[in-house]
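Since the structure comes first, as structure tokens, the remarks are kept for the end.
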Amino acid sequence: MEKDISVRLTSLVKSSGCNAKLPPGDLRKVLERLPGKSDKRIIGGFENNDDALVFDLGDGTVLLETIDFFPPMVDDPYIFGEIAAANAISDIYAMGGKPIIAMSLMCFPSCLELSVMEEIMKGAIFKAKEAGIEIAGGHTISDREPKFGLAVTGRCRKDRIWTNGTAKDGDVLVITKPLGVGIIMTAHKVGDGKKENIENAISSMRMLNKSAMENLEDLDVHAVTDVTGFSLLGHLSEMMKASGSSADIHISLIPLHGGTKSLAEDGYIPEGRYTNEDYIKTGVEIKNSISTAEKDILYSPETSGGLLISLAEKDAELFIKRMNDKAWIIGEVKGKRDKLIYVD
């Protein structure tokens with residue numbers, strides 16, 4: 001849990017965590033107008049909506065490059081550093097790679113003591129070491145709002161890359177962290193929410209997806225992404241669109257952090273929930289029996305969320321056993337239909 005500290009980092013920012021991302025529809029408008037890549041060694045980039053850039057080294061291996069940073073969603077600077085690092089490194093794990101080095105990006109207000117910056121960096125360095133890497137440099141600028149994150153390089157065998165575009169009909173869909181941190185931290189920012197639920201949400205954001213990736217390595221994984229600012233439905237819609245398939249999701253099977261549903265019912269909804277729905281709602285069909293609060297959860301941004309995996313049911317059952325039941329089947333992939341996602 002966060003320590004008692006003199007400066008509330010969250011009081012200095014308008015948005016926090018992955019909720020601060022640009023609305024996906026606005027981003028897509030810009031990306032679609034950019035010139036295409038000419039370097040044939042780049043075999044995966046933003047056109048694929050994958051989690052990291054893929055650069056072919058020509059020796060049977062690839063480099064994976066990713067970058068992620070955001071404003072704080074917690075007040076403790078050390079914990080903020082841990083969460084930001086875990087979130088950035090997750091993109092490498094989601095591609096089936098192993099991180100090898102990182103650099104930091106820091107936006108820092110002049111009104112804060114330098115000891116706050118030091119604590120943010122210490123938290124990030126600790127989490128990077130847990131991932132087996134060093135933060136070997138970076139860049140810092142003065143800004144009115146604090147923001148922090150990492151640029152991370154990973155490596156992977158070319159024939160072992162996981163993408164979000166190769167889900168197969170008949171697969172089941174597995175998620176490795178409960179949903180709800182965006183809603184819980186929105187409530188926490190204004191002093192609401194139970195202490196135990198807040199602690200669990202923070203612990204989840206601090207947790208690397210390293211164990212999940214390692215427990216998948218020898219299985220027949222078909223498609224992977226991680227669940228962050230674009231929400232569960234947003235990231236799943238990208239996976240289904242890229243794979244040419246549709247998915248059935250069952251609301252009763254989706255794991256939630258404690259307190260998530262009641263806080264959603266009380267109206268603690270991250271702003272990004274609405275831009276996420278605006279962007280993908282034409283590709284989603286949700287049964288009338290699904291409550292407004294449940295819809296809010298499905299569309300809400302997550303920060304440092306779990307992996308979303310498409311694989312055969314037998315492999316999913318083995319994976320869940322390896323994860324000590326800390327992974328959950330939430331649906332299945334079926335043939336292409338009118339909508340990308342059906343929620344019941």
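Just so you know, residue 1 is the first one in the sequence shown, and it goes up from there.
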Could you tell me the separation between the [atom1] atom of [X] and the [atom2] atom of [Y], rounded to the nearest 0.5 Å?
X      : Y      : atom1 : atom2 : value
Glu302 : Leu179 : CD    : CG    : 4.5 Å
Ile175 : Leu253 : CD1   : CG    : 11.5 Å
Met73  : Ile202 : CE    : CD1   : 9.5 Å
Lys287 : Asp344 : NZ    : CG    : 5.5 Å
Ile330 : Ile254 : CD1   : CD1   : 5.0 Å
Ile251 : Ile286 : CD1   : CD1   : 8.0 Å

[X] with [Y], same ILVMFWY side-chain cluster at under 4.5 Å:
X      : Y      : value
Met323 : Leu173 : yes
Ile297 : Ile329 : yes
Met103 : Ile100 : no
Leu219 : Trp162 : yes

- Each residue besides Ile269 in its hydrophobic cluster should be listed here, by chain and number; the cluster joins Ile, Leu, Val, Met, Phe, Trp and Tyr at side-chain heavy-atom distances under 4.5 Å. Tyr274

- Query: Tell me the ring-ring contact (aromatic ring centres under 6.0 Å, His included) pairs involving residues 239-272, sequence neighbours left out?
  - Reply: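 Matches after skipping sequence neighbours: none remain.
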
- Task: Sort and list the pairs that fulfil ring-ring contact (aromatic ring centres under 6.0 Å, His included) and have at least one residue in residues 279-331, not counting sequence neighbours.
- Result: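 The answer is Phe230-Tyr279.
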
Please check this pair: side chain of [X] against backbone of [Y], looking for a donor-acceptor N/O pair closer than 3.5 Å.
X      : Y      : value
Ser243 : Ser245 : no
Thr166 : His222 : yes
Thr186 : Gly182 : yes
Asp226 : Leu307 : no

Looking only at heavy atoms, which two atoms of [X] and [Y] are closest? And how far apart?
X      : Y      : result
Pro109 : Arg144 : CG-O, 3.6 Å
Asp296 : Ala264 : OD2-O, 4.4 Å
Tyr342 : Ser246 : CE1-CB, 4.4 Å
Pro99  : Val152 : CB-CG1, 4.1 Å
Val13  : Lys189 : O-NZ, 3.0 Å
Ser304 : Met207 : OG-O, 4.3 Å

- Query: Listed by chain and number, what are the salt bridge (charged side-chain N to carboxylate O under 4.0 Å, His left out) partners of Glu65, not counting sequence neighbours?
  - Reply: none

Taking everything shown except [X] itself, do over 12 heavy atoms lie less than 6.0 Å from its [atom1]?
X      : atom1 : result
Glu196 : CD    : no
Glu317 : CD    : yes
Asp159 : CG    : yes

- Task: List in chain and number order the residues that pass ring pair (Phe, Tyr, Trp, His ring centres under 6.0 Å) with Phe108, two or more places apart in sequence or in another chain; answer none if no residue qualifies.
- Result: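 Once residues adjacent in sequence are excluded, Phe108 has no partner under the ring pair (Phe, Tyr, Trp, His ring centres under 6.0 Å) criterion.
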
- Quick one: list whatever passes ring pair (Phe, Tyr, Trp, His ring centres under 6.0 Å) with Tyr93, sequence neighbours left out. none

Who pairs with [X] by side chain to side chain donor-acceptor pair (under 3.5 Å), at least two apart in sequence or on another chain?
X      : answer
Ser300 : none
Asp68  : Asn87
Arg322 : Asp218
Thr61  : Asp59, Arg155

Is the closest side-chain heavy-atom distance between [X] and [Y] below 4.5 Å?
X      : Y      : value
Lys158 : Val62  : yes
Ile290 : Lys295 : yes
Leu263 : Ile184 : yes
Thr153 : Leu64  : no
Asp50  : Met95  : yes
Leu112 : Met117 : no
Met185 : Met205 : yes
Asp171 : Glu332 : no

- For salt bridge (Lys or Arg N to Asp or Glu O under 4.0 Å), just list the numbers for Lys334 and Asp169, CA-CA rounded to whole Å, side-chain angles, deciding distance to a tenth of an Å, and then say yes or no. CA-CA 5 Å; Lys334 295 187 177 177; Asp169 295 348; over 6 Å; no

- Give every residue pair that meets the salt bridge (charged side-chain N to carboxylate O under 4.0 Å, His left out) criterion with at least one member in residues 94-112, sequence neighbours excluded.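 Applying salt bridge (charged side-chain N to carboxylate O under 4.0 Å, His left out) to every pair that reaches into residues 94-112, excluding sequence neighbours, yields Lys98-Glu217.
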
- Sequence neighbours excluded - salt bridge (charged side-chain N to carboxylate O under 4.0 Å, His left out) pairs with any residue from residues 252-268: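 For residues 252-268, and leaving out neighbouring residues, the salt bridge (charged side-chain N to carboxylate O under 4.0 Å, His left out) pairs sorted by first residue read Lys261-Glu294.
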
- Apply side-chain contact (heavy atoms from CB on, under 4.5 Å) to Val284 and Lys339, showing your working. CA-CA 6 Å; Val284 178; Lys339 303 291 185 180; over 6 Å; no

- Angle class for the Phe148/Phe80 ring planes (parallel below 30°, perpendicular above 60°, tilted otherwise)? perpendicular

- Query: Looking at Glu118, Lys127, Lys122, which hits side-chain contact (heavy atoms from CB on, under 4.5 Å) with Tyr78?
  - Reply: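 The option that passes is Lys122.
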
- Message: Would Leu9 and Val74 count as a side-chain contact (heavy atoms from CB on, under 4.5 Å) here? Give the steps.
- Response: CA-CA 7 Å; Leu9 291 180; Val74 295; over 6 Å; no

- Query: Checking side-chain contact (heavy atoms from CB on, under 4.5 Å) for the pair Leu31/Leu27: CA distance, chi angles, key distance, verdict?
  - Reply: CA-CA 6 Å; Leu31 295 179; Leu27 177 59; 3.9 Å; yes

- Where do Asp75 and Arg8 land on the salt bridge (Lys or Arg N to Asp or Glu O under 4.0 Å) test, with the steps shown first? CA-CA 5 Å; Asp75 291 316; Arg8 285 179 55 85; 3.0 Å; yes

- Message: Quiz question: by atom type and distance under 3.5 Å, do the side chains of Asp51 and Thr225 form a donor-acceptor pair?
- Response: yes

- Message: Using side-chain contact (heavy atoms from CB on, under 4.5 Å), reason through Asn164 and Val224 one step at a time and then give a plain yes or no.
- Response: CA-CA 5 Å; Asn164 69 352; Val224 185; over 6 Å; no

